[in-house]
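Since the structure comes first, as structure tokens, the remarks are kept for the end.
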Amino acid sequence: MGLELDRIQVEKAFIEEEPYYLPVGNEVEVFTAAYKNRLPVMLKGPTGCGKTRFVQHMAYRLGRPLITVACHDDLTASDLVGRYLVRGGDTVWVDGPLTEAVKLGAICYLDEIVEARKDTTVVIHPLTDDRRILPIEKLGRVLKAPPEFMLVISYNPGYQSLLKNLKHSTRQRFVAIEFTFPPRRLEVEIVAHESGVDRATAEALVTLGEQIRNLKDRGLEEPASTRLLVYAAQLIKTGVEPRLACEVALCGPIADEPEIQRAIRELISTVF
Amino acid sequence: MALWRRLAGRVGLAIGSAARQIRHPSLPLRQVEKVLTLFAAGFSGLDLAIKPFRPKPGPSAYTDTATIYLPEAISEFPDQELNFGLYKLMVSYQCAQLRYGTLEFDGFFDEFDEPELAVDLYTILEHQRVEARLLRDYRGLRPLIEACRADAARKRPALHNLSPKQQVVEGLIRSALNAEAGNLSRTALGSWERARRVLAQAADPEALAVHTQGLTRFLYAEIAALPGRYERVRPVHYRGEIRPDRVADVKRSRQQTVEPATLHIAPDLAEFEIKTPAHRTRPVDHLVVRPERVLVRPDRRERGALAPDASEHVIIADLTIPEQVSPVTLTEADRQGAVLYPEWNYQLQTYLPEWCALRDRPLPKGRPQYVDEVLARYHGQAVTLRRQFEALRQDPKKLRRQPEGEEIDVDAVVEALADLRAGLSPRENWYATKRTRRRDIAVAFLVDLSGSTGGWLPNGRRIIDVEKEALVLLCEALQILDDRYAIFGFTSSTRRQCDFFTVKAFDETYDETVKARLAGLDTFSYTRMGPAIRHATRLLAALDARVRLLLLITDGKPNDFDGYTGVYAVEDTRQALLEAAQLQVRTFCLTIDSQARQYMPWMFGEGNYTVVDNVATLPVRLPNLYRALTTT
């Protein structure tokens, strides 16, 4: 019975410890201002550049619980809003994560929104304008979102699929904060902090990251993300030989073509 | 045998230079060129080509700042891995020179009486600095540098035939390679000892190229005073050489580059034609030349000369004046056999009805073996593309919550039961069905065949040639999917003559006829995008498909020589695209115009276009773009 709900990967929590986040620009101020003005926010940027971490950090700062939904192509409107379940001889209404977030006054984070079925995105529309309501058809009720409720979506424009682009009617309801990979100095700090490797290793990894990113548009669609650099650093920290760590974290995940792979390996063996 | 080998080895070492005679397996550049190009791009962040050259007397490398020149083959080591390593180190070195400012020496060598000596000294000192920095920043290079340094040291020429000046320089190189200087003549010895101290100063990773220039002046004064003329000594293979003349050539050519790269010839010169080296005459009103430069000296009497200076990047073209363009009115003859399309006049904010006459034109047939040749050339990429497109072909997928189907969707039934109990009327979508969700995509590729696509690329090929190869790979990949697709070409010479070519119609199969037409594609005249887009839209809109996509492939702005330029042309094209959107036809543009970011967002809409900076990658980019656009 609980299957369907588990599948949506609901993470709900007040965040107890401050998640590490290093601001790159004025994203913290913008997000805070959007929260105060009850505006929904769209986080745009490539995968692995810190969008999810940023939301966690902001939820902690604003002292709100965070409910994250990883969207996928089977995600239906009832998965978000809720449904009746049969329990014993009775039927029980179970709130979906979105309903729960509205009731809790939480930050609801819909990760990779384009992955969700198109009809799903429509249920968020009335929550994103000044009405801030969530109609629950099956209950015949309309929930009014408290001022603390905030809707955040993430969106990776790199996909460029015409079949799965965010509709303009959806996009134009959000304040957009753009994310890119952090500048060198900050990225070194992030990699060192997240993994515990020494500064020299972090510097070398970031150098390598920059070099691999230079290959974007030469057959590499999504370049080495900060997250992957952190992965490589973590592997190195636990004693994996650096070249091997880089190969499994920075070459395998992003490149399939043998020539690109070879070029990345050569870059790795230059830096390490 | 083993003993003989060992002996031979020892003899080889003993007589020094004779060791070079031993033949090792040879690694040809073309085998590793692509990896090295990617490596150079990654390592330097610059767009560098790699080309072969024939260094004398031994292997060497240099860069003119646009291209890295490497030996055609390397056979210094018995181990191919090390031969590749030498290539890689050469590339790293040349990239490092570019990154660390080595080649920023504007006129520095002019101040010396013996510039060859100054260049050699600067090279030795500067390479010490570069190497110190490489060793500091890229510890992975250390073993490679050590192996190549030792190999280079073994292969230095003997001292006794050299002049005193050469002896000092040669001794300095040996010191740089951590080798014994050998028996220097008494004249050279003192200078060499002083020079060695300068060498140590040069190897400072924190220093800059200007510091090296100072050291060069100092050293030059010391060595130039020795007797005899200076002749250049052999470069160290992995470090390569510095060629100020080639660097200056490229620098000069960059300064002459007209910015922006799209050169608009003034309106009164707009009636020029361009004569390509293939001796085909095409009218153009602008030349798209990138990343090269163009100097226009249009000679209105005879022929204009476009540009040429010595570099291979230059597009060489002659300008000739075509016959007078008559004022345009659509006569009966113009309308004969044509489909008429309106045009949007943004100044009047109205459509000009029946303004453009568009005709279907047959394409000349090209060589039948063309397609196979292209596939052979791009064999590796074609295999990859095929595999990637296989992945798009969706496996039968369970479609849940269907009104009918062969299986019961338990989730849906449970939900419906729960709804029933709760007194709601459930939705009757209790079934699941296994069916390949059809992509159901219809796509038209609309290729700009205007004269500018006849422009020459640095690799000596025309844009249209690369576009054709891209289409071949695309067709090959599309064979795997059941998407309906068509390929059209278009060109224009005023609104009276908008030509539309069908390479492949939607209902045609990709057969020999289509391949021959593909091979026959060539460049024509102008780019009136409006009528071509309207026509392709009409063809697409007539199809029944879930997604209908019009993908335009172009190299520049819309343009025709009867006033269809600038804002007017952009606005009409934009209007044609809006019409397409109304008919549920999605539009996307792939352009190779580096200036496209200035007008594409307005014309096609943000996110509905992509700029391919490196045209050579187009054959792989186009199919990949299509794949990305239609991934479900």
Side-chain angles (χ1 to χ4, degrees), chain A residues 1 3-4 7 73-74 76 78 83-87 89-94 137-140 157-166 168 200 203-204 207-208 210-221 242-243 256-272, chain B residues 32 34-46 84-85 88-89 91-92 134 137-141 143-144 380-381 384 387-388 400-401 411 414-415 417-424 439 441 546-547 549 586 588 607-608 610 612-614 617 620-621 624-625 627-632:
Chain A
M1 202 72 335
L3 269 178
E4 188 105 359
R7 217 162 37 77
D73 56 1
D74 257 350
T76 62
S78 15
R83 56 166 53 88
Y84 277 111
L85 297 179
V86 182
R87 202 162 279 168
D90 294 327
T91 53
V92 189
W93 172 262
V94 177
E137 206 187 314
K138 284 181 181 173
L139 292 179
Y159 279 122
Q160 268 195 359
S161 175
L162 291 184
L163 307 184
K164 18 178 207 204
N165 219 332
L166 212 49
H168 265 275
E203 295 250 7
T207 300
L208 185 58
E210 287 168 351
Q211 294 186 344
I212 295 174
R213 284 170 205 160
N214 286 338
L215 294 177
K216 193 175 185 292
D217 292 339
R218 289 169 190 269
L220 209 57
E221 279 161 31
R243 285 191 187 187
D256 295 319
E257 280 176 58
E259 263 153 347
I260 296 265
Q261 284 195 341
R262 173 95 195 257
I264 293 177
R265 278 201 298 272
E266 295 302 339
L267 290 171
I268 292 171
S269 67
T270 304
V271 174
F272 285 102
Chain B
V32 291
K34 197 164 171 214
V35 170
L36 291 173
T37 308
L38 287 168
F39 175 79
F43 191 73
S44 69
L46 303 168
F84 176 80
K88 174 178 158 181
L89 191 55
V91 172
S92 307
L134 279 176
D137 295 345
Y138 301 97
R139 59 185 143 122
L141 285 179
L144 198 54
Q381 288 96 324
T384 314
R387 211 188 57 230
Q388 289 166 336
R400 306 186 327 122
R401 294 172 197 277
D411 286 345
V414 169
E415 198 175 319
L417 281 176
D419 283 355
L420 266 178
R421 292 267 185 111
L424 296 171
R439 287 164 52 83
I441 295 172
R546 186 165 63 103
V547 178
L549 170 64
R586 307 287 306 260
F588 194 91
N608 286 327
T610 188
V612 175
D613 293 315
N614 183 357
T617 64
V620 176
R621 286 291 300 275
N624 273 328
L625 172 72
R627 188 166 62 92
L629 285 176
T630 63
T631 301
T632 45

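Everything numeric here is computed off the predicted structure, so don't read it as measured data.
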Option in A:R213, A:K138, A:E203 with maximal non-hydrogen atom pairs under 4.5 Å from chain B: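 The candidate making the most pairs under 4.5 Å is A:K138.
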Contact winner vs chain B - A:T270, A:T91, A:V271, heavy-atom pairs under 4.5 Å: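 Result: the option with the highest number of such pairs is A:T270.
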Backbone of A:E266 reached by a side-chain donor or acceptor of B:K88 within 3.5 Å: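 Yes, the answer is positive, given that a donor and an acceptor are paired below the 3.5 Å cut-off.
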Atom [atom1] of [X] and atom [atom2] of [Y]: how far apart are they, to the nearest 0.5 Å?
X      : Y      : atom1 : atom2 : answer
A:W93  : B:D419 : CH2   : CG    : 8.0 Å
B:L417 : A:L85  : CG    : CG    : 11.5 Å
A:N214 : B:L38  : CG    : CG    : 11.5 Å
B:F39  : A:L267 : CZ    : CG    : 5.5 Å
B:D411 : A:R83  : CG    : CZ    : 7.0 Å

Chain B contact via A:R243 - which portion, at a heavy-atom distance below 4.5 Å: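 Side chain only.
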Contacting region of B:L141 [heavy-atom separation from chain A under 4.5 Å]: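 For B:L141, the contact with chain A is made by backbone and side chain together.
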Closest contact, heavy atoms only, B:A418 versus A:Y84: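 Closest heavy-atom pair between B:A418 and A:Y84: CB-O, 3.0 Å.
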Candidates A:R262, A:Q261, A:R265 - the one meeting side-chain contact (heavy atoms from CB on, under 4.5 Å) with B:V35: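 Only one of A:R262, A:Q261, A:R265 forms a side-chain contact (heavy atoms from CB on, under 4.5 Å) with B:V35, namely A:R262.
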